[in-house]
J.: 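My structure is below; once you've seen it, I'll send some questions.
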Amino acid sequence: MTEHDVAGLQRRLADFAAAREWQPYHTPKNLAAALSVEAAELLEIFQWLTPEEAGRVMTDPDTAHRVTDEVADVLAYLLQFCEVLGIDPLTALSAKIDRNELRFPVRRRGSAGPDTPSDDPDRHSSE
């Protein structure tokens with residue numbers, strides 16, 4: 001039975017790791033490192049592409065397959081990381097969006113680009 005909800009996918013990943021006795025290796029540090037490696041492998045696909053070429057990666061079946069696989073790897077490690085630390089990823093994302101909506105209110109038409117608060121310690125994170 002295939003489940004496509006977050007909790008179902010986390011259960012499948014945990015069962016997969018347990019069946020192979022990989023849990024001792026699934027520490028927060030190791031999962032964060034693996035997540036970073038998989039994200040770098042996704043980035044590698046786009047490394048030397050122009051913006052136009054990058055926008056068309058899904059039109060080539062081989063490249064689309066590579067992108068899809070790397071996205072799956074990134075998501076798998078992120079979900080495992082969240083499971084190990086007890087983070088609900090959807091709740092975390094929703095809270096982050098809420099904070100960003102407050103930090104970066106919609107500006108009037110014709111104003112300059114987005115605000116860039118230089119003293120904001122969270123500035124480096126995803127908007």
Side-chain angles (χ1 to χ4, degrees):
M1 176 174 168
T2 301
E3 295 186 42
H4 292 288
D5 60 286
V6 171
L9 292 170
Q10 285 176 310
R11 272 192 306 279
R12 287 183 66 196
L13 289 165
D15 291 347
F16 183 88
R20 290 151 183 84
E21 300 180 352
W22 289 350
Q23 306 96 316
Y25 308 105
H26 285 194
T27 64
K29 176 192 154 290
N30 288 350
L31 291 168
L35 174 60
S36 176
V37 168
E38 294 300 339
E41 289 178 6
L42 177 61
L43 176 59
E44 182 180 29
I45 297 167
F46 295 89
Q47 186 173 10
W48 303 112
L49 300 181
T50 66
E52 294 77 23
E53 292 168 331
R56 294 190 305 266
V57 294
M58 299 307 283
T59 61
D60 175 66
D62 290 335
T63 306
H65 178 74
R66 288 177 55 215
V67 169
T68 301
D69 272 359
E70 295 306 337
V71 166
D73 289 342
V74 168
L75 184 57
Y77 280 117
L78 179 59
L79 292 178
Q80 290 173 90
F81 179 82
C82 289
E83 179 71 17
V84 165
L85 291 178
I87 297 168
D88 178 331
L90 299 182
T91 299
L93 177 57
S94 180
K96 182 66 176 184
I97 293 169
D98 289 345
R99 286 192 307 275
N100 283 338
E101 287 173 338
L102 294 173
R103 287 176 52 215
F104 303 101
V106 175
R107 299 179 94 185
R108 281 180 267 135
R109 184 175 221 139
S111 62
D115 293 331
T116 54
S118 59
D119 61 344
D120 187 346
D122 204 24
R123 180 69 189 146
H124 66 279
S125 67
S126 174
E127 304 305 332

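Quick caveat, the model's predicted, so the values are computed rather than measured.
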J.: When clusters are formed by joining ILVMFWY residues with side-chain heavy atoms under 4.5 Å apart, either directly or through shared neighbours, do Phe81 and Trp22 land in the same one?
T.: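 Per the 4.5 Å side-chain linkage, Phe81 and Trp22 are not co-clustered.
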
J.: Specify the closest pair of heavy atoms between Thr63 and Val57, including all atoms of both residues, with the distance to one decimal.
T.: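 Looking at all heavy atoms of both residues, the closest pair is CB-O, 3.7 Å.
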
J.: Roughly how far, to the nearest 0.5 Å, is the CZ atom of Arg56 from the CE atom of Met58?
T.: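 Going from CE on Met58 over to CZ on Arg56, the span is 14.5 Å.
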
J.: Is there a path of hydrophobic side-chain contacts, each under 4.5 Å between heavy atoms of I, L, V, M, F, W or Y residues, that connects Leu90 with Leu13?
T.: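 They do share one cluster, since a chain of ILVMFWY contacts under 4.5 Å joins Leu90 to Leu13.
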
J.: Once rounded to the nearest 0.5 Å, what's the spacing between atom CG of Asp88 and atom CD of Glu83?
T.: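 Taking CG in Asp88 and CD in Glu83, the distance rounds to 10.0 Å.
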
J.: Within a radius of less than 6.0 Å around CZ of Phe46, do more than 12 heavy atoms belonging to other residues, nucleotides or ligands occur?
T.: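 Yes, enclosed.
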
J.: Any chance CD of Gln47 has more than 12 other-residue heavy atoms, nucleotides or ligands included, within less than 6.0 Å?
T.: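 Buried by this count: over 12 neighbours within 6.0 Å.
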
J.: Taking atom types as modelled, is there a side-chain donor on Asn30 or His26 under 3.5 Å from an acceptor on the other?
T.: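 No, because no side-chain N or O of Asn30 sits under 3.5 Å from a partner of the opposite role on His26.
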
J.: Which value, rounded to the nearest 0.5 Å, describes the distance between His65 atom NE2 and Glu70 atom CD?
T.: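 His65 NE2 to Glu70 CD: 9.5 Å, rounded to 0.5 Å.
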
J.: Same hydrophobic cluster for Trp48 and Ile45, using side-chain heavy-atom links shorter than 4.5 Å among ILVMFWY?
T.: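 Unlinked, Trp48 and Ile45 end up in two clusters.
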
J.: Is it true that Tyr77 and Tyr25 fall in one hydrophobic cluster, defined by side-chain heavy atoms closer than 4.5 Å?
T.: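 Looking at the clustering, Tyr25 is in a separate group from Tyr77.
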
J.: Hey, what do you get for OG1 (Thr27) to CG (Leu85), rounding to the nearest 0.5 Å?
T.: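 Thr27 OG1 to Leu85 CG: 9.5 Å, rounded to 0.5 Å.
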
J.: So how far is it from Asp5 CG to Gln10 CD, rounded to the nearest 0.5 Å?
T.: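 Those atoms lie 9.0 Å apart.
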
J.: With a distance cut-off below 6.0 Å to the six-membered ring centre and an angular limit of 45° from the axis, does Arg20 pair with Phe16 as a cation-pi contact?
T.: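 Yes, a cation-pi geometry holds between Arg20 and Phe16.
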
J.: For the backbone of Ala76 and the side chain of Gln80, can you confirm whether one donor and one acceptor N or O come within less than 3.5 Å of each other?
T.: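 Judged by distance alone, yes, a pair lies under 3.5 Å.
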
J.: Got a donor-acceptor contact below 3.5 angstrom from the Thr68 side chain to the Ala64 backbone?
T.: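 Such a contact is found between Thr68 side chain and Ala64 backbone.
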
J.: Can you see which heavy atom on Ile87 is nearest to which on Ala92, and at what distance?
T.: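 Heavy atoms only, the tightest pair is CG2-CB, 4.1 Å.
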
J.: Verify the cluster assignment for Leu42 and Leu75: are they in a single hydrophobic cluster under the rule of side-chain heavy atoms below 4.5 Å apart?
T.: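 In one cluster with Leu42: Leu75, no.
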
J.: Val6 vs Leu79, test: side-chain contact (heavy atoms from CB on, under 4.5 Å). Steps then yes/no.
T.: CA-CA 8 Å; Val6 171; Leu79 292 178; 3.8 Å; yes

J.: Quick one: pull up CD in Glu41 and CG in Asp69 and give me the separation to the nearest 0.5 Å.
T.: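 Here the rounded value is 10.5 Å.
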
